[in-house]
Amino acid sequence: MSAVTLSYENGTLRVDGDASGIPLVEEDPRSGVARAPAYRYAALRDLLSQRAGGFEDRVLDLPDLDLTTDYDLRAYQRDALDAWRDAGKRGVLELPTGSGKTVVAIAAMVELGVPTLVVVPTVDLLDQWARELEAEFGVPVGRFGGGEQRAEAVTVSTYDSAYLKAEDVGDDFGFVVFDEVHHLGGEGYRDVARLLAAPFRLGLTATFERPDGAHEVVEELVGSVAYRASVDDLAGEHLAAYDIKRVEVELTDEERERYEEAQGTFVDYLRSSGLSLTSGSDYQKLVMRSGSDPRAREALLAKQRARDVMMNADRKVEELARILDRHRGDRVIVFTAHTDLVYRLSERFLLPAITSETGAKERREILSRFREGRYSRVVAANVLDEGVDVPDANVAVVLSGSGSEREFTQRLGRVLRPKEGNSESPTGRALLYELVSAETAEERVADRRR
DNA sequence: TTGACTCAACATCCTTTGCTACAA
DNA sequence: TTGTAGGTTTCCATGTTGAGTCA
(Lines give C-alpha, C1' and ligand atoms only; values in the text may rest on other atoms or scores of the structure.)
Protein backbone atom coordinates (compact mmCIF):
# COMPACT_ATOMS: atom_id res chain seq x y z
CA MET A 1 0.00 0.00 0.00
CA SER A 2 1.65 3.19 -1.14
CA ALA A 3 1.39 6.51 0.64
CA VAL A 4 -1.50 8.77 -0.21
CA THR A 5 -1.38 12.53 -0.74
CA LEU A 6 -4.31 14.78 0.12
CA SER A 7 -4.67 18.21 -1.42
CA TYR A 8 -7.40 20.82 -1.97
CA GLU A 9 -8.66 21.46 -5.48
CA ASN A 10 -11.69 23.55 -6.45
CA GLY A 11 -13.90 22.70 -3.55
CA THR A 12 -12.88 19.06 -3.32
CA LEU A 13 -10.13 16.99 -1.78
CA ARG A 14 -7.89 15.41 -4.34
CA VAL A 15 -6.47 12.05 -3.33
CA ASP A 16 -3.30 10.97 -5.14
CA GLY A 17 -1.73 7.57 -4.70
CA ASP A 18 -3.51 4.32 -4.01
CA ALA A 19 -6.94 5.47 -2.89
CA SER A 20 -8.65 2.12 -3.27
CA GLY A 21 -10.75 1.09 -0.33
CA ILE A 22 -10.66 4.43 1.42
CA PRO A 23 -14.15 5.32 2.61
CA LEU A 24 -15.55 8.73 1.54
CA VAL A 25 -13.30 8.74 -1.54
CA GLU A 26 -14.69 8.20 -5.02
CA GLU A 27 -12.98 8.04 -8.36
CA ASP A 28 -14.03 10.55 -10.96
CA PRO A 29 -14.77 8.20 -13.88
CA ARG A 30 -13.72 10.68 -16.57
CA SER A 31 -10.43 12.01 -15.22
CA GLY A 32 -9.61 9.02 -13.08
CA VAL A 33 -8.79 11.30 -10.16
CA ALA A 34 -9.95 10.16 -6.74
CA ARG A 35 -11.80 12.82 -4.78
CA ALA A 36 -13.77 13.43 -1.60
CA PRO A 37 -15.98 16.39 -0.72
CA ALA A 38 -13.97 19.13 1.00
CA TYR A 39 -16.17 19.13 4.09
CA ARG A 40 -15.05 15.55 4.75
CA TYR A 41 -11.49 16.68 5.37
CA ALA A 42 -11.53 16.19 9.14
CA ALA A 43 -13.08 12.74 8.90
CA LEU A 44 -10.77 11.67 6.09
CA ARG A 45 -7.70 12.87 7.97
CA ASP A 46 -8.74 10.82 11.00
CA LEU A 47 -9.33 7.75 8.86
CA LEU A 48 -6.01 7.99 7.06
CA SER A 49 -4.00 8.57 10.20
CA GLN A 50 -5.14 5.18 11.47
CA ARG A 51 -4.26 3.47 8.24
CA ALA A 52 -0.96 1.70 7.57
CA GLY A 53 1.32 3.48 5.14
CA GLY A 54 0.57 6.96 6.40
CA PHE A 55 -0.38 9.91 4.21
CA GLU A 56 0.83 13.32 3.20
CA ASP A 57 -1.45 16.21 4.07
CA ARG A 58 -1.21 19.22 1.77
CA VAL A 59 -4.75 20.47 2.27
CA LEU A 60 -4.26 23.39 4.61
CA ASP A 61 -1.14 25.45 5.16
CA LEU A 62 -2.22 28.00 7.70
CA PRO A 63 -0.40 30.48 9.92
CA ASP A 64 -0.98 30.46 13.66
CA LEU A 65 -2.96 33.42 14.93
CA ASP A 66 -2.35 34.92 18.31
CA LEU A 67 -5.80 36.11 19.34
CA THR A 68 -6.75 37.19 22.81
CA THR A 69 -9.98 38.33 24.39
CA ASP A 70 -11.04 40.14 27.55
CA TYR A 71 -14.47 38.57 27.63
CA ASP A 72 -15.54 36.72 30.73
CA LEU A 73 -17.89 33.97 29.73
CA ARG A 74 -21.08 33.46 31.67
CA ALA A 75 -21.65 29.99 33.10
CA TYR A 76 -23.93 28.82 30.27
CA GLN A 77 -21.58 30.25 27.65
CA ARG A 78 -18.72 28.30 29.18
CA ASP A 79 -20.86 25.16 29.26
CA ALA A 80 -21.72 25.68 25.61
CA LEU A 81 -18.06 26.10 24.66
CA ASP A 82 -17.10 22.99 26.65
CA ALA A 83 -19.84 20.96 24.99
CA TRP A 84 -18.68 22.06 21.55
CA ARG A 85 -15.07 21.17 22.40
CA ASP A 86 -16.16 17.74 23.68
CA ALA A 87 -17.98 17.17 20.38
CA GLY A 88 -14.67 17.44 18.55
CA LYS A 89 -14.81 21.19 17.91
CA ARG A 90 -17.72 20.72 15.54
CA GLY A 91 -21.38 21.28 16.14
CA VAL A 92 -24.19 23.69 16.73
CA LEU A 93 -25.05 25.81 19.76
CA GLU A 94 -28.73 26.62 20.07
CA LEU A 95 -28.97 29.73 22.22
CA PRO A 96 -31.70 32.37 22.38
CA THR A 97 -31.43 35.79 20.77
CA GLY A 98 -29.59 38.15 23.10
CA SER A 99 -27.73 35.45 25.01
CA GLY A 100 -24.33 36.35 23.59
CA LYS A 101 -23.64 33.77 20.91
CA THR A 102 -20.95 35.98 19.40
CA VAL A 103 -18.95 35.88 22.60
CA VAL A 104 -18.83 32.09 22.55
CA ALA A 105 -17.61 32.14 18.95
CA ILE A 106 -14.90 34.63 19.86
CA ALA A 107 -13.75 32.38 22.70
CA ALA A 108 -13.61 29.45 20.28
CA MET A 109 -11.53 31.51 17.85
CA VAL A 110 -9.06 32.38 20.60
CA GLU A 111 -8.80 28.76 21.60
CA LEU A 112 -8.14 27.52 18.06
CA GLY A 113 -5.87 30.35 16.89
CA VAL A 114 -6.34 29.56 13.20
CA PRO A 115 -7.62 31.65 10.27
CA THR A 116 -11.37 31.89 10.59
CA LEU A 117 -14.30 32.59 8.29
CA VAL A 118 -17.55 33.83 9.81
CA VAL A 119 -20.58 33.42 7.56
CA VAL A 120 -23.71 35.52 8.20
CA PRO A 121 -27.04 35.98 6.37
CA THR A 122 -27.17 39.78 5.97
CA VAL A 123 -24.88 42.73 5.29
CA ASP A 124 -26.10 44.24 8.56
CA LEU A 125 -24.78 41.28 10.49
CA LEU A 126 -21.60 41.33 8.42
CA ASP A 127 -20.94 44.89 9.64
CA GLN A 128 -21.74 44.02 13.25
CA TRP A 129 -19.45 40.99 13.32
CA ALA A 130 -16.62 42.80 11.55
CA ARG A 131 -16.79 45.72 13.96
CA GLU A 132 -16.90 43.44 16.97
CA LEU A 133 -14.00 41.28 15.80
CA GLU A 134 -11.88 44.31 14.92
CA ALA A 135 -12.49 45.83 18.33
CA GLU A 136 -11.86 42.57 20.15
CA PHE A 137 -8.76 41.32 18.36
CA GLY A 138 -7.26 44.55 17.08
CA VAL A 139 -6.54 42.96 13.68
CA PRO A 140 -7.89 43.92 10.26
CA VAL A 141 -10.96 41.89 9.44
CA GLY A 142 -11.67 40.88 5.84
CA ARG A 143 -15.07 41.14 4.21
CA PHE A 144 -16.82 39.22 1.47
CA GLY A 145 -20.10 40.95 0.73
CA GLY A 146 -21.72 44.35 0.78
CA GLY A 147 -19.62 45.42 -2.19
CA GLU A 148 -16.27 44.34 -0.74
CA GLN A 149 -14.18 41.28 -1.48
CA ARG A 150 -11.16 41.51 0.80
CA ALA A 151 -9.66 38.47 2.52
CA GLU A 152 -7.84 38.50 5.83
CA ALA A 153 -6.92 35.79 8.32
CA VAL A 154 -10.17 36.66 10.04
CA THR A 155 -12.91 37.30 7.47
CA VAL A 156 -16.65 37.79 7.65
CA SER A 157 -18.83 36.90 4.66
CA THR A 158 -22.47 36.80 3.67
CA TYR A 159 -23.85 33.40 2.69
CA ASP A 160 -24.27 34.70 -0.86
CA SER A 161 -20.69 35.86 -1.22
CA ALA A 162 -19.38 32.76 0.51
CA TYR A 163 -21.26 30.71 -2.05
CA LEU A 164 -19.52 32.60 -4.84
CA LYS A 165 -16.05 32.46 -3.28
CA ALA A 166 -16.00 29.12 -1.49
CA GLU A 167 -14.11 27.28 -4.22
CA ASP A 168 -11.33 29.87 -4.20
CA VAL A 169 -10.91 30.22 -0.46
CA GLY A 170 -11.91 26.75 0.68
CA ASP A 171 -8.41 25.94 1.93
CA ASP A 172 -7.68 29.33 3.51
CA PHE A 173 -9.50 28.79 6.79
CA GLY A 174 -9.16 26.26 9.56
CA PHE A 175 -12.31 27.32 11.38
CA VAL A 176 -15.68 28.37 10.06
CA VAL A 177 -18.48 29.90 12.09
CA PHE A 178 -21.98 29.87 10.63
CA ASP A 179 -24.17 32.47 12.27
CA GLU A 180 -27.91 31.77 11.98
CA VAL A 181 -26.82 28.32 10.85
CA HIS A 182 -30.38 27.18 10.01
CA HIS A 183 -29.90 29.04 6.71
CA LEU A 184 -27.33 26.45 5.75
CA GLY A 185 -30.18 24.03 5.09
CA GLY A 186 -31.18 26.08 2.04
CA GLU A 187 -30.66 24.25 -1.24
CA GLY A 188 -27.94 26.59 -2.50
CA TYR A 189 -26.34 27.66 0.75
CA ARG A 190 -25.44 24.15 1.81
CA ASP A 191 -22.75 24.16 -0.86
CA VAL A 192 -20.89 26.81 1.14
CA ALA A 193 -20.21 24.27 3.87
CA ARG A 194 -19.52 21.49 1.35
CA LEU A 195 -16.77 23.38 -0.46
CA LEU A 196 -14.81 24.44 2.62
CA ALA A 197 -12.14 22.18 4.06
CA ALA A 198 -12.11 23.80 7.51
CA PRO A 199 -12.02 20.93 10.01
CA PHE A 200 -13.36 23.01 12.89
CA ARG A 201 -16.95 24.18 12.59
CA LEU A 202 -19.38 26.04 14.77
CA GLY A 203 -23.01 26.79 14.03
CA LEU A 204 -25.02 29.36 15.97
CA THR A 205 -28.79 29.67 15.97
CA ALA A 206 -31.76 30.29 18.22
CA THR A 207 -33.89 27.72 16.40
CA PHE A 208 -32.05 24.81 14.85
CA GLU A 209 -34.85 22.61 13.58
CA ARG A 210 -36.41 23.39 10.24
CA PRO A 211 -39.94 22.42 9.27
CA ASP A 212 -38.60 20.94 6.02
CA GLY A 213 -36.22 18.65 7.90
CA ALA A 214 -33.12 20.19 6.30
CA HIS A 215 -31.46 20.57 9.68
CA GLU A 216 -30.31 17.01 9.12
CA VAL A 217 -28.18 18.28 6.25
CA VAL A 218 -26.77 20.92 8.56
CA GLU A 219 -25.90 18.24 11.11
CA GLU A 220 -23.89 16.42 8.50
CA LEU A 221 -22.05 19.54 7.37
CA VAL A 222 -21.44 21.29 10.68
CA GLY A 223 -22.22 18.76 13.38
CA SER A 224 -25.11 18.01 15.71
CA VAL A 225 -26.45 20.30 18.38
CA ALA A 226 -23.79 20.22 21.10
CA TYR A 227 -25.52 22.52 23.53
CA ARG A 228 -29.00 23.88 23.84
CA ALA A 229 -30.47 26.51 26.14
CA SER A 230 -34.01 27.78 25.71
CA VAL A 231 -35.45 31.19 26.40
CA ASP A 232 -37.03 29.77 29.54
CA ASP A 233 -33.68 28.47 30.79
CA LEU A 234 -32.24 31.98 30.75
CA ALA A 235 -35.31 34.15 31.39
CA GLY A 236 -35.24 35.96 34.69
CA GLU A 237 -31.48 35.88 35.05
CA HIS A 238 -29.70 36.62 31.79
CA LEU A 239 -32.77 37.50 29.79
CA ALA A 240 -35.84 39.42 30.87
CA ALA A 241 -38.69 37.42 32.37
CA TYR A 242 -41.72 37.58 30.11
CA ASP A 243 -45.44 36.98 29.68
CA ILE A 244 -47.34 36.12 26.53
CA LYS A 245 -50.92 37.32 26.25
CA ARG A 246 -53.13 35.99 23.54
CA VAL A 247 -56.00 38.32 22.74
CA GLU A 248 -58.81 36.97 20.59
CA VAL A 249 -60.75 39.42 18.46
CA GLU A 250 -63.99 38.78 16.60
CA LEU A 251 -64.29 39.41 12.88
CA THR A 252 -66.85 42.03 11.90
CA ASP A 253 -69.97 40.64 10.18
CA GLU A 254 -68.70 41.75 6.83
CA GLU A 255 -65.27 40.20 7.43
CA ARG A 256 -66.87 36.99 8.65
CA GLU A 257 -68.87 36.73 5.46
CA ARG A 258 -65.84 37.27 3.26
CA TYR A 259 -63.77 34.86 5.34
CA GLU A 260 -66.33 32.03 5.27
CA GLU A 261 -66.86 32.44 1.55
CA ALA A 262 -63.14 32.25 0.75
CA GLN A 263 -62.24 29.57 3.28
CA GLY A 264 -65.26 27.58 2.10
CA THR A 265 -64.03 27.66 -1.49
CA PHE A 266 -60.68 26.35 -0.36
CA VAL A 267 -62.01 23.55 1.87
CA ASP A 268 -64.61 22.53 -0.74
CA TYR A 269 -61.89 22.11 -3.30
CA LEU A 270 -59.86 19.96 -0.92
CA ARG A 271 -62.84 17.74 -0.28
CA SER A 272 -63.90 17.39 -3.90
CA SER A 273 -60.41 16.79 -5.21
CA GLY A 274 -59.54 14.16 -2.63
CA LEU A 275 -56.47 16.06 -1.49
CA SER A 276 -55.63 15.73 2.18
CA LEU A 277 -53.34 18.18 3.85
CA THR A 278 -51.37 16.50 6.57
CA SER A 279 -48.11 18.33 6.19
CA GLY A 280 -46.39 21.20 4.45
CA SER A 281 -45.38 18.97 1.56
CA ASP A 282 -49.02 18.19 0.85
CA TYR A 283 -49.60 21.88 0.44
CA GLN A 284 -46.76 21.90 -2.04
CA LYS A 285 -48.67 19.32 -4.07
CA LEU A 286 -51.61 21.66 -4.23
CA VAL A 287 -49.39 24.50 -5.37
CA MET A 288 -48.00 22.35 -8.14
CA ARG A 289 -51.42 21.25 -9.21
CA SER A 290 -52.49 24.87 -9.40
CA GLY A 291 -50.05 25.35 -12.25
CA SER A 292 -52.30 23.34 -14.58
CA ASP A 293 -55.63 23.05 -12.76
CA PRO A 294 -57.66 26.32 -12.71
CA ARG A 295 -59.82 25.06 -9.83
CA ALA A 296 -56.74 24.43 -7.71
CA ARG A 297 -55.51 27.88 -8.56
CA GLU A 298 -58.84 29.42 -7.59
CA ALA A 299 -58.73 27.47 -4.30
CA LEU A 300 -55.29 28.84 -3.48
CA LEU A 301 -56.30 32.38 -4.32
CA ALA A 302 -59.36 31.97 -2.11
CA LYS A 303 -57.13 30.75 0.71
CA GLN A 304 -55.01 33.86 0.21
CA ARG A 305 -58.13 36.04 0.55
CA ALA A 306 -59.15 34.23 3.72
CA ARG A 307 -55.68 34.78 5.16
CA ASP A 308 -55.85 38.47 4.34
CA VAL A 309 -59.15 38.84 6.15
CA MET A 310 -58.12 37.04 9.32
CA MET A 311 -54.67 38.56 9.55
CA ASN A 312 -55.69 42.14 8.92
CA ALA A 313 -58.99 42.19 10.81
CA ASP A 314 -60.29 45.64 11.76
CA ARG A 315 -60.71 44.80 15.42
CA LYS A 316 -57.04 43.98 15.69
CA VAL A 317 -56.36 47.60 14.88
CA GLU A 318 -58.84 48.69 17.55
CA GLU A 319 -57.20 46.34 20.04
CA LEU A 320 -53.81 47.76 19.13
CA ALA A 321 -55.11 51.24 19.93
CA ARG A 322 -56.00 50.05 23.44
CA ILE A 323 -52.62 48.36 23.88
CA LEU A 324 -50.68 51.41 22.76
CA ASP A 325 -52.74 53.50 25.14
CA ARG A 326 -52.01 51.15 28.01
CA HIS A 327 -48.27 51.19 27.30
CA ARG A 328 -47.63 54.87 26.85
CA GLY A 329 -44.41 54.77 28.83
CA ASP A 330 -43.06 51.57 27.23
CA ARG A 331 -40.98 50.75 24.22
CA VAL A 332 -43.16 48.88 21.77
CA ILE A 333 -42.50 46.98 18.54
CA VAL A 334 -45.52 46.05 16.43
CA PHE A 335 -45.13 43.12 14.04
CA THR A 336 -47.35 42.25 11.09
CA ALA A 337 -47.22 39.81 8.20
CA HIS A 338 -48.25 42.26 5.48
CA THR A 339 -46.69 45.52 4.39
CA ASP A 340 -50.09 47.07 3.58
CA LEU A 341 -51.07 46.80 7.20
CA VAL A 342 -47.76 48.31 8.29
CA TYR A 343 -48.49 51.46 6.32
CA ARG A 344 -52.11 51.56 7.51
CA LEU A 345 -50.96 51.40 11.13
CA SER A 346 -48.19 53.88 10.48
CA GLU A 347 -50.71 56.43 9.22
CA ARG A 348 -53.32 55.85 11.84
CA PHE A 349 -51.05 55.83 14.90
CA LEU A 350 -48.21 57.95 13.50
CA LEU A 351 -45.73 55.12 13.97
CA PRO A 352 -42.39 54.99 12.17
CA ALA A 353 -42.63 52.08 9.74
CA ILE A 354 -40.07 49.63 8.43
CA THR A 355 -40.66 47.18 5.60
CA SER A 356 -38.50 45.70 2.88
CA GLU A 357 -39.31 48.82 0.84
CA THR A 358 -37.67 51.07 3.42
CA GLY A 359 -34.23 52.12 2.18
CA ALA A 360 -31.13 51.30 4.19
CA LYS A 361 -30.53 54.90 5.15
CA GLU A 362 -34.05 55.56 6.39
CA ARG A 363 -34.05 52.26 8.22
CA ARG A 364 -30.83 53.11 10.05
CA GLU A 365 -32.26 56.48 10.99
CA ILE A 366 -35.46 55.02 12.43
CA LEU A 367 -33.62 52.37 14.42
CA SER A 368 -31.12 54.86 15.75
CA ARG A 369 -33.91 57.20 16.88
CA PHE A 370 -35.59 54.24 18.50
CA ARG A 371 -32.32 53.41 20.23
CA GLU A 372 -31.88 56.94 21.51
CA GLY A 373 -35.42 57.03 22.82
CA ARG A 374 -36.65 59.72 20.44
CA TYR A 375 -39.07 57.13 19.11
CA SER A 376 -40.69 54.76 21.56
CA ARG A 377 -42.61 52.70 19.00
CA VAL A 378 -42.05 51.14 15.61
CA VAL A 379 -44.17 49.02 13.32
CA ALA A 380 -42.56 46.50 11.00
CA ALA A 381 -43.44 43.64 8.68
CA ASN A 382 -41.02 40.71 8.71
CA VAL A 383 -37.88 42.79 8.32
CA LEU A 384 -36.98 42.95 11.98
CA ASP A 385 -37.34 39.23 12.58
CA GLU A 386 -33.71 38.39 12.02
CA GLY A 387 -30.32 39.69 11.05
CA VAL A 388 -30.81 43.27 12.19
CA ASP A 389 -29.53 44.88 15.35
CA VAL A 390 -32.82 45.99 16.83
CA PRO A 391 -32.72 48.23 19.88
CA ASP A 392 -34.22 47.13 23.10
CA ALA A 393 -37.99 47.10 23.61
CA ASN A 394 -40.12 45.68 26.39
CA VAL A 395 -43.46 45.21 24.66
CA ALA A 396 -44.04 43.34 21.40
CA VAL A 397 -47.40 43.18 19.65
CA VAL A 398 -47.79 40.45 17.05
CA LEU A 399 -50.75 41.54 14.93
CA SER A 400 -50.18 38.79 12.45
CA GLY A 401 -47.57 36.23 11.68
CA SER A 402 -46.93 32.85 10.14
CA GLY A 403 -47.03 29.51 11.88
CA SER A 404 -43.27 29.51 11.99
CA GLU A 405 -41.82 28.73 15.39
CA ARG A 406 -38.65 30.45 14.29
CA GLU A 407 -40.40 33.72 13.47
CA PHE A 408 -42.18 33.65 16.82
CA THR A 409 -39.00 32.96 18.80
CA GLN A 410 -37.19 35.76 17.01
CA ARG A 411 -39.99 38.22 17.65
CA LEU A 412 -40.13 37.27 21.31
CA GLY A 413 -36.36 37.63 21.46
CA ARG A 414 -36.73 41.27 20.52
CA VAL A 415 -38.08 42.12 23.96
CA LEU A 416 -35.95 39.80 26.07
CA ARG A 417 -32.63 41.57 26.15
CA PRO A 418 -31.94 42.57 29.74
CA LYS A 419 -31.85 46.32 30.22
CA GLU A 420 -28.46 47.85 29.64
CA GLY A 421 -26.08 48.08 32.57
CA ASN A 422 -28.49 46.27 34.78
CA SER A 423 -28.52 42.71 33.65
CA GLU A 424 -29.07 41.45 37.18
CA SER A 425 -32.55 42.87 37.47
CA PRO A 426 -34.27 43.76 34.24
CA THR A 427 -36.75 46.53 34.85
CA GLY A 428 -40.07 44.76 34.91
CA ARG A 429 -41.20 41.87 32.77
CA ALA A 430 -41.28 41.85 29.02
CA LEU A 431 -44.67 41.40 27.43
CA LEU A 432 -45.74 39.94 24.12
CA TYR A 433 -49.28 40.38 22.86
CA GLU A 434 -50.52 38.02 20.23
CA LEU A 435 -53.70 39.12 18.44
CA VAL A 436 -55.67 36.28 16.92
CA SER A 437 -58.93 36.35 14.97
CA ALA A 438 -61.39 34.07 16.79
CA GLU A 439 -62.83 31.05 14.99
CA THR A 440 -60.53 31.24 12.03
CA ALA A 441 -57.58 29.17 10.85
CA GLU A 442 -55.39 31.71 12.62
CA GLU A 443 -56.03 29.94 15.92
CA ARG A 444 -54.32 26.87 14.50
CA VAL A 445 -51.52 28.98 13.05
CA ALA A 446 -50.93 30.55 16.44
CA ASP A 447 -50.88 27.16 18.16
CA ARG A 448 -48.41 25.82 15.67
CA ARG A 449 -45.79 28.46 16.27
CA ARG A 450 -45.74 27.90 20.03
C1' DT B 1 -19.99 56.70 -4.71
C1' DT B 2 -24.96 56.48 -4.83
C1' DG B 3 -29.41 55.03 -6.05
C1' DA B 4 -32.67 52.62 -8.81
C1' DC B 5 -33.38 48.77 -10.90
C1' DT B 6 -33.55 43.47 -12.00
C1' DC B 7 -32.84 38.85 -10.79
C1' DA B 8 -32.34 34.73 -8.08
C1' DA B 9 -32.77 32.58 -3.78
C1' DC B 10 -35.05 31.66 0.38
C1' DA B 11 -39.21 31.22 3.50
C1' DT B 12 -43.90 30.52 4.38
C1' DC B 13 -48.08 28.76 2.39
C1' DC B 14 -51.98 23.65 6.06
C1' DT B 15 -57.23 20.15 7.27
C1' DT B 16 -59.22 17.02 10.74
C1' DT B 17 -59.65 12.42 8.20
C1' DG B 18 -58.64 8.29 5.62
C1' DC B 19 -55.74 4.82 1.69
C1' DT B 20 -51.84 1.77 1.07
C1' DA B 21 -47.83 -0.75 1.87
C1' DC B 22 -44.84 -2.38 4.95
C1' DA B 23 -42.61 -3.36 9.44
C1' DA B 24 -42.92 -4.88 14.27
C1' DT C 1 -52.83 -7.96 13.67
C1' DT C 2 -51.69 -3.46 14.59
C1' DG C 3 -49.33 0.54 14.05
C1' DT C 4 -47.06 3.85 11.29
C1' DA C 5 -44.74 5.93 7.69
C1' DG C 6 -45.71 7.61 3.44
C1' DG C 7 -43.56 9.95 -2.72
C1' DT C 8 -44.78 13.12 -7.20
C1' DT C 9 -41.81 17.73 -9.36
C1' DT C 10 -41.00 22.65 -10.26
C1' DC C 11 -43.86 27.02 -8.02
C1' DC C 12 -50.81 30.07 -6.98
C1' DA C 13 -48.88 34.63 -3.78
C1' DT C 14 -46.23 37.73 -0.60
C1' DG C 15 -42.22 39.28 1.81
C1' DT C 16 -37.28 39.75 2.18
C1' DT C 17 -32.43 39.80 0.95
C1' DG C 18 -27.77 40.05 -1.60
C1' DA C 19 -25.43 40.56 -5.91
C1' DG C 20 -24.96 42.64 -10.16
C1' DT C 21 -25.71 46.28 -13.61
C1' DC C 22 -26.14 50.78 -15.25
C1' DA C 23 -26.77 55.70 -15.25
Side-chain angles (χ1 to χ4, degrees), chain A residues 119-127 143-149 157-165 180 182-192 207 210-214 262-271 273-308 310-312 335-343 354-363 380-388 400-408 410 440-449:
Chain A
V119 188
V120 302
T122 64
V123 173
D124 242 54
L125 279 173
L126 183 140
D127 286 335
R143 289 170 187 238
F144 298 153
E148 268 182 273
Q149 300 292 327
S157 172
T158 60
Y159 278 88
D160 285 273
S161 284
Y163 175 76
L164 298 171
K165 293 211 72 122
E180 309 289 1
H182 48 271
H183 287 283
L184 205 55
E187 209 63 55
Y189 288 162
R190 55 183 72 166
D191 282 343
V192 174
T207 42
R210 295 170 49 112
D212 63 0
Q263 181 76 3
T265 304
F266 179 67
V267 174
D268 283 351
Y269 175 77
L270 287 184
R271 254 199 285 275
S273 66
L275 271 179
S276 70
L277 294 185
T278 49
S279 70
S281 60
D282 290 335
Y283 189 80
Q284 206 54 41
K285 286 180 211 169
L286 176 57
V287 171
M288 280 162 53
R289 196 181 280 199
S290 72
S292 54
D293 177 357
R295 286 187 59 232
R297 182 176 144 78
E298 174 48 32
L300 272 178
L301 292 176
K303 181 68 202 168
Q304 185 70 28
R305 286 198 300 277
R307 248 199 310 268
D308 273 358
M310 74 185 191
M311 285 186 159
N312 304 318
F335 294 100
T336 77
H338 291 114
T339 51
D340 286 356
L341 183 59
V342 169
Y343 294 122
I354 303 181
T355 71
S356 65
E357 296 164 19
T358 313
K361 196 174 153 199
E362 189 184 351
R363 195 180 295 193
N382 301 321
V383 260
L384 299 187
D385 289 354
E386 183 192 284
V388 192
S400 54
S402 70
S404 157
E405 193 188 333
R406 169 163 303 123
E407 178 190 277
F408 187 78
Q410 284 163 341
T440 67
E442 196 171 33
E443 293 182 320
R444 256 197 311 276
V445 171
D447 286 342
R448 207 166 60 224
R449 64 188 170 217

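Each chain gets a letter, A, B and so on, in the order the sequences are listed, and its residues count up from 1.
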| request: Indicate for each nucleotide in nucleotides 15-23 of chain C, in 5' to 3' sequence, whether protein heavy atoms under 4.0 Å reach the base (B), only the sugar-phosphate (S), or nothing (-). | output: SSSSSS---
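Panel note: side chain A:Arg449, backbone A:Ser402; a donor-acceptor pair is recorded below 3.5 Å.
Side chains of A:His338 and A:Val342 form no contact here, defined as non-hydrogen atoms less than 4.5 Å apart. Within the 4.5 Å cutoff, side-chain heavy atoms of A:Tyr343 are placed close to those of A:Glu357. Here the side chains of A:Asp160 and A:Tyr189 are in contact, with some heavy-atom distance below 4.5 Å. For the pair A:Val120/A:Glu180, no side-chain contact is recorded, criterion being any heavy-atom separation below 4.5 Å from C-beta on.
Using the Watson-Crick or G-U wobble rule with both distances under 3.5 Å, B:dT1 pairs with nothing in any strand shown.
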When the side chains of residues 282-289 of chain A are checked against the rest of the protein, which donor-acceptor pairs come out under 3.5 Å, sequence neighbours left out?
residue: A:Asp282; atom: OD1; partner: A:Lys285; partner atom: NZ; Å: 2.9
residue: A:Asp282; atom: OD2; partner: A:Thr278; partner atom: N; Å: 2.7
residue: A:Asp282; atom: OD2; partner: A:Thr278; partner atom: OG1; Å: 2.5
residue: A:Asp282; atom: OD2; partner: A:Ser279; partner atom: N; Å: 3.2

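Here the separation of B:dT17 from C:dT9, taken at their C1' atoms, is 26 Å to the nearest Å.
Taking every side-chain heavy atom of A:His183 into account, B:dA11 is the closest of B:dA11, B:dC14, C:dC11. Residue A:Met288 places its side chain closer to C:dT9 than to any other of C:dT9, C:dA13, B:dT15.
Between A:Ser292 and A:Lys285, the residue whose closest nucleotide on DNA chain C is further toward the 5' end is A:Lys285.
Proximity of A:Arg448 to the phosphate of B:dC13: a side-chain N or O atom is located under 4.0 Å from OP1 or OP2. In terms of phosphate contacts, A:Arg210 brings a side-chain nitrogen or oxygen within less than 4.0 Å of OP1 or OP2 of B:dA11.
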